[in-house]
Number of protein chains: 2
Amino acid sequence: MTPEKTVARLSLYRRFLKIAKEDGVDNVYSHQLAEMVRSTPAQVRRDLMILGYNGSPQKGYDVAELIKHIDTFFNTEKIIDVILVGVGNIGRALLSYFRDGKSHIKIIASFDKDETKAGRVINNSRCYAMDDLKNIVAENNVKTAILSVPATDAQSIADILVENGIRGILNFAPTRLKVPSDVFVEDVDITMNMEKVIYFSAGKKK
Amino acid sequence: MTPEKTVARLSLYRRFLKIAKEDGVDNVYSHQLAEMVRSTPAQVRRDLMILGYNGSPQKGYDVAELIKHIDTFFNTEKIIDVILVGVGNIGRALLSYFRDGKSHIKIIASFDKDETKAGRVINNSRCYAMDDLKNIVAENNVKTAILSVPATDAQSIADILVENGIRGILNFAPTRLKVPSDVFVEDVDITMNMEKVIYFSAGKKK
DNA sequence: TTCACACTGTGAATTTTGTAACAAAATACT
DNA sequence: AGTATTTTGTTACAAAATTCACAGTGTGAA
Ligand SMILES: NC(=O)c1ccc[n+]([C@@H]2O[C@H](COP(=O)([O-])OP(=O)(O)OC[C@H]3O[C@@H](n4cnc5c(N)ncnc54)[C@H](O)[C@@H]3O)[C@@H](O)[C@H]2O)c1
Ligand SMILES: NC(=O)c1ccc[n+]([C@@H]2O[C@H](COP(=O)([O-])OP(=O)(O)OC[C@H]3O[C@@H](n4cnc5c(N)ncnc54)[C@H](O)[C@@H]3O)[C@@H](O)[C@H]2O)c1
């Protein structure tokens, strides 16, 4: 399987390739792409190897073609439907973030235990009661969820998600979820990120 | 210098140690800590080595003592002052997130170019006009910033931050900032995180 | 037609990260 | 006291990720 790091970088490459394409750039060299994402040419070429798409020594990589290959790799020619559970501060921010149609990721429904939220449309996405989760996930064959409930509730909600067929979770709660090995969890841990910044910027230890 | 991964894990260990302490746990073994953070005992012991604090073979690690050593490592016995630029959707969520005094990270001021926000107190943190940034950063000797402005403005604001003595930036904009080598940038790239989830959960490729 | 050039793709070398193994230490039991 | 047990700290080993370095290639200038 492709290493996580490579997958992450491929996602980055594509973002910058799309910007370049908008700007009318037709082809890029590995060193240009490296410059864009603050990496190295060797790293870029190594990563692109796994796409099975070859650039040419003369023209570098065809931007449109490369984007297409990354799309294929991610299997995102089609829109990916996602649900979000926990329409609080961060949940609402995320709804707004993914609202712009630019992305191929679409939050088709959100859920909250707060009955006053359920039924309302928040940031273009209808908020449902937790009881509706089962049906909506099943009907839309949703496989991916964003989890933004308080840490105390994260595990129990994760259990419900898994039970209903969710296979991938983007988790914002500062907890380490326990899930079956065939479910992928990606933690977004902002406190940890912040502490890294503080550590590495203080004194800038070598 | 301590590897990034280790620093990240030390932050995690501390979080769970604090929870354990709250629960009245006095000492932990490496395998218990590993269980909490979903890691391995060997990894835990290896990480803790760099703290220069030794557990005992019989009692494992003293929870309070270990927390203290991690605090020392992070140099966070004292409160760390941080500023935030860009009081939009995600900015407000972050203000709320760090608002609870539990953390040793404190957002002492936020900034926005929007004049209607400047002057108001949002989530316990006063929002200032950009013009005030220079003085507030200098007066409080702030070294760390959270950047949550639109991608189009991120680089120019980063330049201002660096100019005013900021040495570490937690960046939420989907851009790769160009900063001097003695400034540390940590990117929080949610689209990328989401794409990782989608990739690794789809079909669960091996 | 040949040459010089600038770049790719990829094995090999290097560096980084994680895992396993085990001697040494502390306790409890006999 | 001596022995069995448990867990640590550290070293040795393995795996993964990154970087190096260079042969191979199409292009255009001479
Ligand atoms: N706010 C941030 O910037 C931020 C940053 C990083 C991580 N987080 C984490 O994200 C999570 C949410 O943070 P927040 O600031 O949005 O909190 P919040 O309190 O504003 O929102 C939580 C939401 O989840 C809902 N909820 C609670 N229990 C639920 C349950 N069992 N089922 C369904 N919905 C439930 C609540 O009704 C509320 O709407 C927390 O775990 C927090 O630690 C937040
Ligand atoms: N909303 C999310 O959940 C989310 C998630 C990930 C990343 N992001 C990124 O975070 C950034 C902010 O997102 P958002 O959703 O909060 O956007 P937003 O538009 O709600 O907020 C942006 C804020 O920045 C302020 N601002 C704009 N230009 C500025 C400048 N030059 N100087 C000072 N302040 C300025 C605006 O007045 C506004 O208050 C964006 O780069 C976005 O891509 C957002």
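Labels below follow one simple rule: chain letters A, B, ... track the order of the sequence lines, proteins then strands, and each chain is numbered from 1.
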Measuring to OP1 and OP2 of D:dG9, would you say a side-chain N or O of B:Tyr61 lies under 4.0 angstrom away? yes
When rounded to whole Å, the OH to P distance for the pair B:Tyr29 and C:dA26 reads 14 Å
Whole-Å distance, A:His31 NE2 to D:dT19 P, equals 17 Å
In plain terms, say whether B:Asp189 and A:Arg15 are close enough for a salt bridge, that is, a side-chain N and a carboxylate O under 4.0 Å apart. yes
**Message:** Check B:Arg14 with A:Glu195, please: is the shortest side-chain N to carboxylate O separation under 4.0 Å?
**Reply:** yes
In short, salt bridge (Lys or Arg N to Asp or Glu O under 4.0 Å) pairs touching residues 31-56 of chain B with sequence neighbours left out are A:Lys178-B:Glu35, B:Arg9-B:Asp47
Considering only heavy side-chain atoms of A:Arg45, the closest of D:dC20, D:dT10, C:dT8 is C:dT8
Checking C:dC7, D:dT11, D:dA21 against the side chain of A:Pro57 (C-beta onward), the nearest is C:dC7
Find every protein N or O atom lying less than 3.5 Å from an N or O atom of nucleotides 14-18 of chain D, and list the pairs.
| residue | atom | partner | partner atom | Å |
| --- | --- | --- | --- | --- |
| D:dT18 | OP1 | A:Arg9 | NH1 | 3.2 |
| D:dT18 | OP2 | A:Arg9 | NH1 | 3.2 |
| D:dT18 | OP2 | A:Arg9 | NH2 | 2.8 |
| D:dT18 | O5' | A:Gln43 | OE1 | 3.4 |

- Message: When you measure only distances, ignoring hydrogens and angles, does the side chain of B:Gln58 come within 3.5 Å of the base of D:dT6 through a donor and an acceptor?
- Response: yes
For the aromatic rings, using the six-membered ring if either is Trp, is the centroid distance between A:Tyr199 and B:Phe73 under 6.0 Å?
yes
- prompt: Looking only at atom types and distance, does a side-chain atom of B:Asp62 sit under 3.5 Å from a main-chain N or O of B:Leu66, one as donor and one as acceptor?
  reply: no
**Request:** For the pair B:Tyr29 (side chain) and B:Gln58 (backbone), establish whether a donor and an acceptor sit closer than 3.5 Å, ignoring hydrogens and angles.
**Result:** yes
